[in-house]
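All remarks here apply to the structure that follows.
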Number of protein chains: 2
Amino acid sequence: MPPTRVGFIGLKPSTDGSLLGSWGVRGHLRSIQGLPSLYEIVAIANSTVESSQKSIEVHKLPTTTNAYGNAEDLAADPNVELVVISVEVRKHYELAMPALKHKKDVFVEWPMAASVKEAEELTKVAKENGVRTMVGLQGRYDPLVQKVREILAEGKIGKIMSSTVTACSSVLPVETWLKDLEFYLDFNSGGNEYTIFMGHFLDSFTYLLGDFASVHGLLASQYPTVIIIDPATGQIVNPAYPKTAPEHIFITGTLESSAVASLAFRKPKSAADRVGFRWYITGTEGEIAITTEEGSWQGGGIREKRKISLKVGKADSVDVGFGKDDTTLAEKVAFPATNTARQYEAFAARDGEVITFEDALRNHRLLQRIANSSGWEMM
Amino acid sequence: MPPTRVGFIGLKPSTDGSLLGSWGVRGHLRSIQGLPSLYEIVAIANSTVESSQKSIEVHKLPTTTNAYGNAEDLAADPNVELVVISVEVRKHYELAMPALKHKKDVFVEWPMAASVKEAEELTKVAKENGVRTMVGLQGRYDPLVQKVREILAEGKIGKIMSSTVTACSSVLPVETWLKDLEFYLDFNSGGNEYTIFMGHFLDSFTYLLGDFASVHGLLASQYPTVIIIDPATGQIVNPAYPKTAPEHIFITGTLESSAVASLAFRKPKSAADRVGFRWYITGTEGEIAITTEEGSWQGGGIREKRKISLKVGKADSVDVGFGKDDTTLAEKVAFPATNTARQYEAFAARDGEVITFEDALRNHRLLQRIANSSGWEMM
């Protein structure tokens, strides 16, 4: 098979910037570049043709790459097979819709859309047009998650009774934030600590343990204002931007399996024990404890700082290795793009496991249920 | 001051048995014996005079000790100043009431009573009779708890934003239980994993961080039946005793301070990381992480296996020592009685911090609020 021809929306004409603001480059472009036998970029759409041309130049794409100034033109390009969208979430809906209507396959970064309603419409239109879809919930592809899935499937810890998670989002700054990324501080933006930091983890959680039958949330924003800094100048541009997105996210619920769950996300300046995620999965015969360093869940982080402990009965715990025998192409793609590359590779394999719009919609709906149960009405 | 003269209810005529079934001996008797300058036992009341006489003999109490066959007679003994009650919780109310009416000071082991209603009545009658009261919530006296209190008072971690607890009750067996202690498996007994294991911790939690303004619980019994064994014979006497008390206890809530809290108690056969309690207290300026081995909270356990980590800002965490310069008499009393002895010592000091019936009633009411919020109606 020749490489899939990609039309890319969200490739900024620069190679720097924060991870959140440059995920198109650091996550998606690096994945595609790392999988040249599977994908090639044939078109770019930024907000202007000039900006697209600059991106082609800056990122050293072939001069044959088509430069567009809007999503409609890119979607209409007969050479494009797959449209990749990695921009601020509030634009996902309007940028994905033309691609779907032109019957192009679509890969949208998570969150899929800024509201459940938008996500529902995108899912409906994708289905009507019979296209393949994918959403960037990369965490599922992490070798750690896949290994835990294997342990669970083997039944080593018996019937799952409960799962308990404590997480710490201290990898993202507490008191200052960057200009032009204020959406991350806004509860209604659709792309904030709740939908992104928690949302990515929640997908891995339900992927391994199933959906919630009932759920109760407690959300809190304990940092009422944040200092906004212009990264270009280092100057404070707003000393007290009101932060409406929660950074403390406590969830309890009963899963469809009848296991009970507790997830507690907090945000100190830095975790006292330097642990980012600590996740127990407790069965009638044993227990799994997953720990990771302070960092994002979905990125995968430094593998040596992620650990799976398995305890069966009262025997000593054993550390379970993972990912060392990984022979995928994606494994060679450098952090932080590795898990995103795995997702591209799975999509290309056609029989690989793909996170579709339907899957992502379930995650959107769960986030909405949790928020609403806590009194934070979510669109 | 001469030693306080104690009338003891709950001193079994044996020195063995499980910790739960012999706390009168292992907790209270050992405390009193370890503080001879402060307390002396002058009377015993078991269910018969003969049993009391046997206890006096077995525990080598002075032959002058009065032996009674009921609580009323012991309460009427003019030589008794303080009545200590450490029996199964369902009997606390009827055994404490005569002592209160005879205007004796009373020390009741936790739980104070089998229901909020009973606890309210005991509190009322104690007040009417102007007696001093104390309830065995020993955990507060642990040097670890006192040290955390000191750190919080110093303001080192700033304003408290949240507190997150994961706990594991694996110190108590999962699949088998002892005959005559079945009450611990019954939700309605008043003395079970919820009221005892969680109840003791909850008191330390609210002692340090204040009460809950709002709270939501999720309780589950994931072990529907338990095998009952007769410890005298080692034989199974019931292969499937129905366990109605929850061992999975998940709580979220907002404290009166506006900090948010998540407590997740689970029960594997053994914790994958051998940690019994992991408790984060997260402030605007730093974080405290408390960890203990698998074991009870209130007992204090092995001090070397309990740890307080303090992290201020992004500096490295430091381990904070505690209890090493303890010059109390109680410090010399061996585990598991040490914290109970501290409580006796505080009571004798008169200006020491005492956990009164009022304090314990607050804890009873909180347990009831949490249970009711989770749909487990509690008396």
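Residue numbering restarts at 1 for every chain, and letters A, B, ... go by the order of the sequence lines. Predicted model only: the values in this text are computed from it and were never measured.
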As a quick check of understanding, evaluate side-chain contact (heavy atoms from CB on, under 4.5 Å) for B:K267 and A:M161, giving each step before the final call. CA-CA 9 Å; B:K267 195 180 184 79; A:M161 295 187 295; 5.8 Å; no
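Proximity of A:V260 to B:Q222: side-chain heavy atoms (C-beta onward) are separated by under 4.5 Å at one or more points. In this structure the side chain of A:D273 reaches within 4.5 angstrom of the side chain of B:R278, judged on heavy atoms. At a threshold of 4.5 Å between non-hydrogen side-chain atoms, the residues A:P268 and B:Y280 do not count as touching.
Your options are B:H248, B:E175, B:H216, and the one with the most heavy-atom pairs under 4.5 Å with chain A is B:H216. No other option in A:C168, A:G217, A:A261 has as many heavy-atom pairs under 4.5 Å with chain B as A:A261. For chain B, the option among A:L310, A:T284, A:V174, A:I288 with the highest count of heavy-atom pairs below 4.5 Å is A:T284. For the options A:G283, A:S309, A:A271, heavy-atom pairs under 4.5 Å to chain B are most numerous at A:A271.
In this structure, the side chain of A:S317 engages the main chain of B:A272 through a donor-acceptor pair within 3.5 Å.
Contacts of B:T164 with chain A are made by side-chain atoms alone, with heavy-atom separations under 4.5 Å and no backbone atom involved. Using a 4.5 Å cut-off between heavy atoms, B:A315 does not touch chain A at all.
We find that B:R266 and A:E287 are joined by a salt bridge, their nearest charged nitrogen and carboxylate oxygen being less than 4.0 Å apart.
When all heavy atoms of A:F250 and B:S162 are compared, the pair lying nearest together is CZ-CB, 4.2 Å.
Within the model, atoms CG of A:L219 and OG1 of B:T252 stand 10.0 Å from one another, a figure rounded to the nearest 0.5 Å. Put simply, NZ on B:K314 and NZ on A:K269 are 9.5 Å apart, with the number rounded to the nearest 0.5 Å. Between the CG atom of A:L218 and the OG atom of B:S262 there is a distance of 8.5 Å, given to the nearest 0.5 Å.
Residues of residues 151-159 of chain B having a heavy atom under 4.5 Å from any heavy atom of chain A: none.
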